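Have a look at the structure below, then the notes.
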There are 2 protein chains.
Amino acid sequence: MDWQQAWDQLGQRGYRKTQQRMIVVKEVFAGGCLQGAEEILSRCREKDGGISMPTVYRTLDMLVDAGLVRRVNLGLGRTWFEPGGPDDDHHHHLVCEQCGKREKIALCPLGIVENEAKRSGFKVRELHFEAVGLCRSCAAKERKK
Amino acid sequence: MDWQQAWDQLGQRGYRKTQQRMIVVKEVFAGGCLQGAEEILSRCREKDGGISMPTVYRTLDMLVDAGLVRRVNLGLGRTWFEPGGPDDDHHHHLVCEQCGKREKIALCPLGIVENEAKRSGFKVRELHFEAVGLCRSCAAKERKK
DNA sequence: TTGTAAATGAAAATCATTTACAAGTAGGTG
DNA sequence: CACCTACTTGTAAATGATTTTCATTTACAA
């Protein structure tokens, strides 16, 4: 999905088509995975002029609500965003607690979780699934100490 | 493990045995799973008198470091703690985003994640794995709207 | 063009968590 | 036991991401 399709979807949901929102939507869809709000803000400002942080957050909220963007939580006190719905090819990460490097991991337990959840009538909306640890090079450095 | 064993372990690690730390350790081990720092603080104050928030956090940090308590992140802007080491019978949760109810889930993908991670030399230390969604009763209410 | 509900930015508020620092204390030493 | 000193404590302030408030502006239906 490109930003224009997302933009149309927002329109269909009754959101007003403002200049600022368009800028944010464009930038989020231009970026890759795991974009921070701060980073999105500065890219918006660089390329397109005035945008405020609250507007970035508000637009991200509506994109997540609309199922156009995923909110990713790595348990490190910050939130990341990436284009794509919850059912798209979402993926998870190995996060190095030393250097912050993030590696994609192919594995996703969403299916089995949904099955398990179904038993108690629980409806899964978001899956937080990230492994924190040490990447190869940081693990090597650690061993030298 | 009961609180006294944990207490001994802290001693063996060279931590000083202060009144305040003992109170916190007692309370954390008296509580169940997913205790918030705020909740731990107030229980400590109720039963044992003066303790400050920084001391609670500092003690929790050392318990986690010592592998006696787990830090659980549900991606909801807060951190939970529960007695038990990372390798004990740790478990994961279904978290209702509406009413906050948390159900244990038997499933744990730690093994397969470790395998997957090993391929790139990544050493897993902590697994964040929680599903957020709607519990049966909140899902029912949602449908009525 | 106009009215109005929705959206905006600046500044302030939140809220969990952490830090700085002065005052207090555990626990080894003589 | 008295003393020393590094480790701990509590208070108050800092932090940092995110959210709210509110006066001003804007999209868009009529």
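Naming convention: chains lettered A, B, ... in sequence-line order (proteins, then strands); numbering from 1 in each chain. Nothing here was measured: the structure is a model prediction, and the numbers come from that model.
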Please check the phosphate of [N] (OP1 and OP2 only) for any side-chain N or O of [X] closer than 4.0 Å.
| X | N | value |
| --- | --- | --- |
| B:Gln20 | D:dG10 | yes |
| A:Thr18 | C:dT8 | yes |
| A:Arg21 | D:dA27 | no |
| A:Thr55 | C:dG9 | yes |

Could you give the [atom1]-to-[atom2] distance, from [X] to [N], as a whole number of Å?
| X | N | atom1 | atom2 | answer |
| --- | --- | --- | --- | --- |
| A:Arg58 | D:dA17 | CZ | C1' | 16 Å |
| B:Leu34 | C:dA16 | CG | P | 16 Å |
| A:Glu39 | D:dT18 | CD | P | 12 Å |
| B:Tyr57 | D:dA13 | OH | P | 19 Å |
| B:Arg78 | C:dT17 | CZ | C1' | 13 Å |
| A:Ile40 | D:dT18 | CD1 | P | 10 Å |
| A:Asp61 | C:dA6 | CG | C1' | 16 Å |
| A:Gln19 | D:dT25 | CD | C1' | 14 Å |

| Presence of salt bridge, A:Glu114 and A:Lys118, under 4.0 angstrom |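 A salt bridge is absent here (no side-chain N lies under 4.0 Å from a carboxylate O).
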
| Salt-bridge contact B:Arg71-B:Asp65 (side-chain N to carboxylate O under 4.0 Å) |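 Salt bridge: no.
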
Does any nucleotide pair with [N] by Watson-Crick or G-U wobble geometry, both distances under 3.5 Å, and what is it?
| N | answer |
| --- | --- |
| D:dT11 | C:dA20 |
| D:dC3 | C:dG28 |
| D:dG16 | C:dC15 |

| message | Among A:Glu130, A:Arg102, A:His92, A:Gln35, exactly one meets side chain to side chain contact (heavy atoms under 4.5 Å, CB included) together with A:Val72. Which residue is that? | response | A:Glu130

| Within the modelled atom types, does a donor on one side and an acceptor on the other bring the side chain of B:Arg16 and the base of C:dG28 under 3.5 Å apart? | no

| Nearest-nucleotide 5' precedence on DNA chain D, A:Lys17 against B:Gly14 |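 That would be B:Gly14.
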
| Most 5' of A:Tyr15 and B:Tyr15 on DNA chain C, judged by nearest nucleotide | A:Tyr15

| message | On DNA chain C, does the nearest nucleotide to A:Met62 precede the nearest nucleotide to A:Arg45 from the 5' side, or the other way round? Give the residue. | response | A:Met62

| message | So for atom CD, which belongs to B:Gln5, do other residues, nucleotides or ligands contribute more than 12 heavy atoms lying within a distance under 6.0 Å? | response | yes

| field | Cation over ring face, B:Arg21 and B:Trp7, 6.0 Å, 45° | value |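 Because its charged atom misses either the 6.0 Å distance or the 45° angle limit, B:Arg21 does not stack over B:Trp7.
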
